[in-house]
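Written below as structure tokens is the structure these notes are about.
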Amino acid sequence: MKKTTKNLINIALLLLMFVGLYFLEQHFGRRSMLITVLKKGAIYALIAVSMNLLNGFTGLFSLGQAGFMLVGAYTYAVLTIPMAKRMAVYQYYDGGIINFTVPTIVGILAAGALAALLAMLIGMPVLRLKSDYLAIATLGFAEIIRAIIQWDTLGPITNGSNLLKTYPTFKSVIPVFAAATICIGVIVLLINSTYGRAFKAIRDDEIAAEAMGINLFHHKQMAFIISSFFAGIGGALLAMYQGSLQANAFKASMTYEILLIVVIGGMGSVTGSVIASFLFIACSEWWLRFLDTETYLFGGTVKLPLLRSGFRMVVFSVVIMIVVLFFRKGIMGEKELWDLFTPKKKKEGIKP
Amino acid sequence: MSRNVLHVENVTMQFGGVVAVNNLSMDINEGEIVALIGPNGAGKTTAFNCVTGVYEPTNGRIDYMGKTIVENYPSGKMKRSYAGENAGLYTKRVVNTPDKITALGIARTFQNIRLFKSQTVFNNVLIAMHMRRTSNVFSATFRLNMKEENQMRQEAMELLKIVGLEGVADELATSLPYGQQRRLEIVRALATHPKLLLLDEPAAGMNPQETEELGAFIKEIKDRFNLTVFMIEHHMNLVMGISDRIYVIDFGKQIAEGTPEEVRDNPAVIAAYLGVDEE
């Protein structure tokens, strides 16, 4: 297949996806479970792919994703709360000290930019570490970021540990998918570029990569910054999805959730991460919800055993264990979806 | 006399209390094939690693094309425990990371093959060309560098054709037979446009026929790319067959130097390899 036809097919598929989404939304309504899951799934897909860029493609085991999402979410929320509402939101800090509001799109880009800037600063010391030590250090930094944002002295900017709300959000599923698709598309393009190849070389063999003239630190930092940029944008989208924002929600467990998605989808597979995040979100928000409610059968005479609040997580853990046992390399391994359709030839698929 | 390519001067590498390379000096001139031989554990690979920047020598200096690329003197804790010679001769510290040294024109292969495992044969070569890119990450991502990218791909394919690997370009690098993996490693090194090629035991694990072919191959690429070759090797047939000069080291120290004939008849070399009769 020629490259141009391939691109046309991809564009057609994307258009089809958006048309499909539009009709789904019309049919089920914006507040339906399906649409909610799709929204959150798309956001998690972006964040998981950004983490995969670092953990799966560059081989840097970083656990700082929640921290960068937090920075992105706060940057977005703080910059876009309308002036009229600031007094109410920052009620304990006399309306805060930020006296301007930026448009939504600028807010999202600023979210990515600030997360990237922070990654650059953190990366300088941290990226000299390897494997587990890098994971510990990034995890630590993520926690530090959370603590700093909740710091009372920064209250006039971040509203301390109080809620941020009334910033612009999206109502339809289309803009979320558009943003996520563009971002994931950019990451895919990067991965298939000469820089992407260098990242994979570093993952495969650092010593050989360095002997081939690839500056390790430079490239690791680049991957770290780009990954954090998209994590920041993902954080901003997540803030929009939630409608209100509190730093406390961005705990290390959030990073683990995303790591789980990446591992289940397959380290080094973009489509794997995307598929896994939709499955993960659907399971945890929707399909397994019934396990959490006490259910009575036969007109309320027989109570189904085990079903109670929290049981969902037990089943969920079992599902994850099954996946890890039977799909050692994740659902997709290192393959991409389009590899499955192109019979064992080239590996250079160009999606979005 | 042709130009000096690599000048190694009094290089000592000490790990803790072990002197792995002791006061090693050698010169490699343009267009030569020079071999470094010695019994197991003599410090050959350590010497290589000093040249390519993987290790920082404890003492000594290395020049490439008349320019100092590595220089060091015992300092810190090593100052007291230094057991080599020529302490105090060098006072500067010049450090270059391996990628910078490769960029200067010294490429290497590895004793245990280190190909990029998850990548195809073609991509392995392509990755080595990343070093000479002119695009930045932005232009590369948004495909504004298609001309350079196509050029890189074309050149990579040509290199693969030279070594007869073009048929397996889309195979995974690790799926190749051993001998071809060795060749691929050499081609990958060539893709960085080196002037000096360092080969760390290129014939390790090869049978006599493969070794013979490899010898011819090394000579061929040397002429074709105007290379200077510096190699570590155990196969004496290969070493004696293609090298212009040989350095022999044992326990980190140089014990002989000269043409293959001179080295072959050198009693010190025979003693190092076969042991000395005690009586």
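Naming convention: chains lettered A, B, ... in sequence-line order (proteins, then strands); numbering from 1 in each chain. Note that the structure is predicted; figures quoted are calculated from it, not measured.
- Counting heavy-atom neighbours within 6.0 Å of A:I207 CD1, excluding the residue itself, gives a total of 12 or less.
- If you take CD1 on A:I226 and CZ on B:F138, they are separated by 11.0 Å, rounding to the nearest 0.5 Å.
- For chain B, the option among A:K200, A:R203, A:H219 with the highest count of heavy-atom pairs below 4.5 Å is A:H219.
- To the nearest 0.5 Å, the span separating CG on B:L126 from CE on A:M212 amounts to 13.5 Å.
- Inspection of the B:R143 and A:S193 side chains reveals no N or O donor paired with an N or O acceptor under 3.5 Å.
- Counting non-hydrogen atoms of neighbouring residues, nucleotides and ligands closer than 6.0 angstrom, the CZ atom of A:F18 exceeds 12 such neighbours.
- Neither the backbone nor the side chain of B:T109 comes within contact range of chain A; no heavy atoms are under 4.5 Å apart.
- Sorted by first and then second residue, the salt bridge (Lys or Arg N to Asp or Glu O under 4.0 Å) pairs involving residues 117-136 of chain B (not counting sequence neighbours) are B:R132-B:E155.
- Salt bridge status for A:R197 with B:E149: present, with a side-chain N to carboxylate O gap under 4.0 Å.
- Atom CZ of residue B:F110 and atom CG of residue A:D205 lie 7.0 Å apart, to the nearest 0.5 angstrom.
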Worked verdict on B:M131 versus A:I214 for side chain to side chain contact (heavy atoms under 4.5 Å, CB included): CA-CA 6 Å; B:M131 185 186 85; A:I214 295 170; 5.9 Å; no
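- Looking at B:A140, both its backbone and its side chain come within 4.5 Å of chain A, counting heavy atoms on both sides.
- Only one option out of B:V137, B:N145, B:I127 pairs with A:T194 in a side-chain contact (heavy atoms from CB on, under 4.5 Å); it is B:N145.
- For the atom pair OG1 (B:T141) and CD1 (A:I187), the distance works out to 10.5 Å, reported to the nearest 0.5 Å.
- Residue contact with chain A, scored on non-hydrogen atoms closer than 4.5 Å, is absent for B:A103.
- Rounded to the nearest 0.5 angstrom, B:T97 OG1 and A:F217 CZ are separated by 12.0 Å.
- Neither the backbone nor the side chain of B:M129 comes within less than 4.5 Å of any heavy atom of chain A.
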Derivation and outcome, side chain to side chain contact (heavy atoms under 4.5 Å, CB included), residues A:N215 and B:D99: CA-CA 6 Å; A:N215 186 328; B:D99 58 289; 3.5 Å; yes
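- Neither the backbone nor the side chain of B:T52 has a heavy atom closer than 4.5 Å to any heavy atom of chain A.
- The minimum heavy-atom distance between A:D204 and B:S118, with the atom names listed, is OD2-OG, 2.8 Å.
- How far OH of A:Y195 is from OG of B:S139: 6.5 Å, rounded to the nearest 0.5 Å.
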